[in-house]
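As the structure lists them, so they are numbered: ligands from 1, and atoms in each ligand from 1.
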Amino acid sequence: PQTQKDATKAVHKPDYDAVRKDIASILKMPDYDDGSCGPVLVRLAWHASGTYDKETNTGGSNGAGMRYEAEGGDPANAGLEHARRFLEPIKQKHPWITYADLWTLAGVVAIKEMGGPDCKWKPGRTDFADESKCPPRGRLPDGALAADHLRHVFYRMGFNDQEIVALAGAHSLGRCHSDRSGFEGPWSVTPTKFSTQYFKLTKFKWEKKTWEGPVQYKNTDLGEELMMLPTDMALIEDEKFLPYVKKYAEDREAFYSDFAAVFSKLIELGVTRDDDYESAPTMSKEAGDEK
Ligand code: CCH
């Protein structure tokens, strides 16, 4: 039977499951994009984490530096103010959670709720008190570039070619907005469902879109104009990336489990905790040890 002491402990234990439920409850948003803010929450978690540099052990999701102009104002982060705004009522309701934990957890919950895998998540990130520790701008990838740029950026974080391709599969979700990145349109006809669609699309024929905007590729075989960025095309043009693209297009299980492993690794980059830190119940082991 539960003792008085256990009950008191339960009350004081941060209730991450309650936060997860509240995140799940705000995803459906009929007036926003394709009816869900899930994709932009995934992008928030990724951009919070993707500034990591393994040489200097700087950047990463710890700190929630995007709250400050130094990082939030990086043109690469345009549009993510919407994601942060959507999460603000949840922060107000659960003020004990740090922004850095909330943003990464929101990405994990959104992936799961949109039909994706369970990505391990562990709390314990802290928020910077000011912007002095924000990473320099320019560390996130530029969609206008090619394979060597992808390797430069993702090797800096400590990822390999297979992990780069697995992560890119998140582009089954969401869309580009001309007023944010300059690019326009979705990659998939089901942008609010986590799937292998992005990899299947590589079998299509893509041509340069004729428009005023930056170079992007288009295909209308599925009745709707879908898009690929130059960096997406790099995955099928590069002979080392291509085998993983083909594999993930055919093997859903492999993609889901590799994606879960690499996304968990991404959101752990640069995060350090006290040894005696008590893990969340959903965490069975240290994220990122799989590979
Ligand atoms: Fe991405 N991404 N991404 N991306 N991304 C954009 C949107 C999303 C690149 C460029 C862009 C990842 C990797 C890359 C998402 C998840 C991930 C946009 C449009 C560009 C440009 C932004 C806009 O206009 O709103 C490039 C380059 C790379 C290099 O690899 C990775 C890794 C992930 C996650 C694991 C998601 C989700 C979106 C949709 C956001 C939305 O608002 O719908």
Do any N/O atoms on [X] end up under 3.5 angstrom from N/O atoms on ligand 1?
X: His171; value: yes
X: Ser181; value: yes
X: Asp142; value: no

Hey, does [Y] have a side-chain heavy atom less than 4.5 Å from the side chain of [X]?
X: Ile23; Y: Leu105; result: yes
X: Trp96; Y: Val19; result: yes
X: Leu140; Y: Asn77; result: yes

So which heavy atom in the protein is nearest [atom], and how far is it from that ligand atom?
atom: atom 25 (O) of ligand 1; result: His177 ND1, 2.6 Å
atom: atom 37 (C) of ligand 1; result: Pro39 O, 3.3 Å
atom: atom 41 (C) of ligand 1; result: Arg175 O, 3.6 Å
atom: atom 8 (C) of ligand 1; result: Arg43 CD, 3.5 Å
atom: atom 26 (C) of ligand 1; result: Pro141 CG, 4.0 Å
atom: atom 34 (C) of ligand 1; result: Ala170 CB, 3.4 Å
atom: atom 17 (C) of ligand 1; result: Trp46 CD1, 3.3 Å
atom: atom 19 (C) of ligand 1; result: Cys176 SG, 3.4 Å

With atoms numbered from 1 as shown, which atoms in ligand 1 lie under 4.0 angstrom from a non-hydrogen atom of [X]?
X: Gly143; value: 27 (C)
X: Leu150; value: 29 (C), 30 (O)
X: Arg180; value: 23 (C), 24 (O), 25 (O), 42 (O)
X: Gly174; value: 39 (C), 43 (O)

Which heavy-atom pair separates [X] from [Y] by the least distance, and what is that distance?
X: Pro135; Y: Glu71; answer: CD-OE1, 3.1 Å
X: Thr126; Y: Thr98; answer: CA-CG2, 4.1 Å
X: Arg156; Y: Gly50; answer: NH2-O, 2.9 Å

- Item | Best match, Phe259, Phe183, Trp187, Phe154: closest heavy atom to atom 30 (O) of ligand 1 |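 It is Phe154 whose heavy atom sits nearest to atom 30 (O) of ligand 1.
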- Message: Just to be sure I'm reading this right: ignoring hydrogens, which of Ile267, Leu229, Leu266 gets closest to atom 10 (C) of ligand 1? Compare them by their nearest heavy atoms.
- Response: Leu229
- Step by step, work out the salt bridge (Lys or Arg N to Asp or Glu O under 4.0 Å) result for Glu55 and Arg139. CA-CA 13 Å; Glu55 296 304 325; Arg139 285 192 180 178; over 6 Å; no
- Query: Will you find, in the side chains of Ser172 and Gln197, an N or O donor that is under 3.5 Å from an N or O acceptor?
  - Reply: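 No donor-acceptor contact under 3.5 Å links the two side chains.
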- Under the salt bridge (Lys or Arg N to Asp or Glu O under 4.0 Å) rule, what do Lys218 and Glu184 come out as? Steps first, then yes or no, please. CA-CA 10 Å; Lys218 75 168 208 172; Glu184 182 60 39; over 6 Å; no
- Message: Would you say the rings of Trp187 and Phe204 are close, in the sense that their centroids are separated by under 6.0 Å?
- Response: no
- Is the Phe194 to Phe259 ring centre distance short of 6.0 Å?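 They qualify: ring centres under 6.0 Å apart.
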- Query: According to the interplanar angle, ranging from 0 to 90°, do the rings of Phe255 and Phe199 count as parallel (below 30°), tilted (30 to 60°) or perpendicular (above 60°)?
  - Reply: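 Geometry flag for Phe199 against Phe255: perpendicular rings.
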- Message: Heavy atoms only, cut-off 4.0 Å: how does Val153 contact ligand 1, side chain, backbone, both, or neither?
- Response: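 Looking at Val153 and ligand 1, no heavy atom falls under 4.0 Å.
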- Which bit of Leu167 gets closer than 4.0 Å to ligand 1, counting heavy atoms only: side chain, backbone, both or neither?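 It is both parts that get close, each with some atom under 4.0 Å.
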